[in-house]
Amino acid sequence: MCGIVGLFLKDKALEPKLGALLSSMLVTMTDRGPDSAGIAIYGNDNGNTAKITVQSADPAKDFDGLEYELRRVLDAPVAVTVKSTHAVITLAKGKLDEGRAALTALRPNIRVMSSGDTVEIYKEVGLPRDVVSRFGVTGMSGTHGIGHTRMATESAVTTLGAHPFSTGSDQCLVHNGSLSNHNNLRRELKRIGMSFETENDTEVAAAYLTAEMAKGKDLGAALESAVDDLDGFFTFVVGTKSGFGVVRDPIACKPAVMAETDQYVAFGSEYRALVNLPGIESARIWEPEPATVYFWDHEKAA
């Protein structure tokens, strides 16, 4: 049993409140998963820079001097903003891949949580309220985001085992459920070049979607393929640079509820995660249908 939340903003006036709204939704789901928590915030793309969000078990050691060393290796401007056990590395878009390679060489113990033009992912062991407080999530702005609070059932309680999982640029996924064919899928994905940091089935689901979108599919089409190719019980909420998607397996035994107004689309494992959203009293509320993809994209908005 885990708790999932997601919020996709249509109204730009709400963007400064994204972190606060999403944090409140996540904290409400604490009793569905008190082991660890994570949240992904998609900010606005400034057109020039990209970001790598990293985590360290020894931040005092790993983050000390990192900005200087990356500037020297990349021969380009770099900014490192430390947030507790995480740091956000900002660099030119054209330097993103080179920056990730430099990180591996300079700080082999650092773990990459996310990379891309807009996404930042923060996740740690602990209660949601402590995780969002540690990283100052309530003060963050953005266009959309997803969150997860975990009750581990099949793997260890670790930072790397927490959700969201990110396996592609500006892509991430949170999951409630269990996949039965993840070992076979992992082997197939490794054969086409995907790499994995954990044995978690959710990481396989994230990598599957990354691989499908690498074929040219948008998020909605990739989720439609997932319904056919993934076995087990699952509710997924997925974020991309401009998109937000939801899908449940054909049996749909994991709880889910959605709400939509002129200002936003919201997802929660339970309705109580949505009750404090503005205008919720007049929202269209529904339970997502089994094996049905729900997909919104800022770039395709009417």
Side-chain angles (χ1 to χ4, degrees), residues 19 38-57 59 62-63 66-67 69-71 73-124 135 137 140-148 159-174 189 192-198 200 202-214 219 222 238-244 298:
I39 202 160
I41 298 287
Y42 287 85
N44 286 297
D45 184 4
N46 67 12
N48 299 312
T49 60
K51 295 183 282 190
I52 307 171
T53 307
V54 297
Q55 185 269 355
S56 171
D62 284 332
F63 298 155
L66 180 59
E67 182 174 290
E69 293 178 55
L70 285 171
R71 287 179 178 178
V73 172
L74 299 178
D75 190 27
V78 175
V80 176
T81 303
V82 176
K83 295 186 177 184
S84 185
T85 58
H86 288 46
V88 180
I89 301 164
T90 305
L91 67 175
K93 285 188 177 184
K95 292 286 186 177
L96 186 59
D97 291 340
E98 191 178 347
R100 290 196 61 156
L103 273 172
T104 300
L106 294 170
R107 298 290 193 276
N109 294 324
I110 276 181
R111 300 296 184 184
V112 174
M113 299 289 99
S114 63
S115 66
D117 295 341
T118 64
V119 71
E120 296 177 21
I121 292 179
Y122 302 92
K123 57 183 186 179
E124 276 291 3
F135 301 116
V137 175
M140 297 181 69
S141 62
T143 57
H144 57 297
I146 63 177
H148 186 275
T159 300
L160 284 180
H163 304 207
F165 279 92
S166 179
T167 55
S169 181
D170 283 312
Q171 298 172 14
C172 67
L173 175 148
V174 293
L189 290 165
I192 63 172
M194 299 296 296
S195 60
F196 297 87
E197 294 193 75
T198 74
N200 195 295
T202 305
E203 187 178 16
V204 175
Y208 170 87
L209 293 176
T210 297
E212 290 300 299
M213 285 186 276
L219 175 57
V238 188
T240 66
K241 182 177 177 179
S242 61
F244 175 82
H298 285 118

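Sequence positions, counted from 1, serve as the residue numbers for this chain.
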J.: Ignoring hydrogens and geometry, is there a side-chain-to-backbone donor-acceptor pair from Arg71 to Ala76 under 3.5 Å?
T.: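 Side chain of Arg71 to backbone of Ala76: no pair is present.
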
J.: Between Ile89 and Leu66, does the side-chain contact (heavy atoms from CB on, under 4.5 Å) criterion hold? Intermediate values first, please.
T.: CA-CA 9 Å; Ile89 301 164; Leu66 180 59; 4.2 Å; yes

J.: Taking Asp170 for its side chain and Asp117 for its backbone only, find out whether a donor-acceptor pair lies under 3.5 Å.
T.: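 Flag set: sc Asp170 to bb Asp117 pair under 3.5 Å.
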
J.: Under 4.5 Å between any side-chain heavy atoms of Phe165 and Val174, yes or no?
T.: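 The answer is no, as the side chains (C-beta and beyond) never meet within the 4.5 Å cut-off.
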
J.: Say you draw a straight line from CG of Leu173 to OG1 of Thr202; how long is it, rounded to the nearest 0.5 Å?
T.: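 Here the interatomic distance stands at 6.5 Å.
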
J.: Within the 3.5 Å criterion, strictly below it, is a donor on Thr85 or Glu124 matched to an acceptor on the partner's side chain?
T.: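 There is such a pair between these side chains.
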
J.: Does Lys51 reach the main-chain N or O of Val88 with its side chain, forming a donor-acceptor pair under 3.5 Å?
T.: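 Not a single qualifying donor-acceptor pair exists.
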
J.: Taking Gln55's backbone N and O only, do any of them form a donor-acceptor pair with Arg111's side chain (distance below 3.5 Å, no angle check)?
T.: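 Not a single qualifying donor-acceptor pair exists.
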
J.: Verify the ring-centre separation between Phe244 and His144: is it less than 6.0 angstrom?
T.: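 Judged by ring-centre distance (under 6.0 Å), His144 and Phe244 do not meet the cut-off.
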
J.: Is it true that Lys241 and Asp45 have a side-chain N and a carboxylate O under 4.0 angstrom from each other?
T.: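 Yes.
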
J.: Quick one: pull up CG in Asp62 and CG in Leu103 and give me the separation to the nearest 0.5 Å.
T.: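 Answer rounded to 0.5 Å: 10.0 Å.
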
J.: For Tyr122 and Gly38, indicate whether the former's side chain and the latter's backbone hold a donor-acceptor pair under 3.5 Å.
T.: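 It does not hold such a pair.
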
J.: Do we see a donor-acceptor contact under 3.5 Å between the side chains of Glu203 and Thr198?
T.: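 Their side chains do contain a donor-acceptor pair, which is all the 3.5 Å distance test asks for.
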
J.: Mind checking whether Val119 and Ile41 have side chains closer than 4.5 Å, heavy atoms only?
T.: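 Not in contact.
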
J.: Gln171: which residues meet the side-chain hydrogen bond (donor to acceptor under 3.5 Å, both in side chains) condition with it, sequence neighbours left out?
T.: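 So Gln171 forms a side-chain hydrogen bond (donor to acceptor under 3.5 Å, both in side chains) with Thr210.
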
J.: Between His86 and Lys123 (side chain of the first, backbone of the second, donor and acceptor by atom type, cut-off under 3.5 Å), is there such a pair?
T.: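 Confirmed, His86 side chain pairs with Lys123 backbone.
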
J.: Can you find a heavy atom in the side chain of Val80 that is under 4.5 Å from one in the side chain of Glu69?
T.: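 In short, these two side chains do not touch, never coming nearer than 4.5 Å.
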
J.: Return yes if some donor-acceptor pair links the side-chain N/O of Ser114 with the main-chain N/O of Ser166 below 3.5 Å, else return no.
T.: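 No, the answer is negative, given that no donor and acceptor are paired below the 3.5 Å cut-off.
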
J.: Taking the side chain as every heavy atom from C-beta outward, state whether Glu120 and Lys83 have any pair of such atoms under 4.5 Å apart.
T.: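 Yes, close enough: below the 4.5 Å cut-off.
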
J.: Without swapping roles, check the side chain of Thr167 against the backbone of Ala206 for a donor-acceptor pair under 3.5 Å.
T.: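 Side chain of Thr167 to backbone of Ala206, a donor-acceptor pair under 3.5 Å: yes, one is there.
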
J.: Are Ile39 and Ile146 close enough that some pair of their side-chain heavy atoms sits under 4.5 Å apart?
T.: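 Ile39 does not reach Ile146 side chain to side chain.
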
J.: Going by atom types only, do Arg100 and Ser115 share a side-chain donor-acceptor pair under 3.5 Å?
T.: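 Yes, side-chain donor-acceptor contact under 3.5 Å.
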
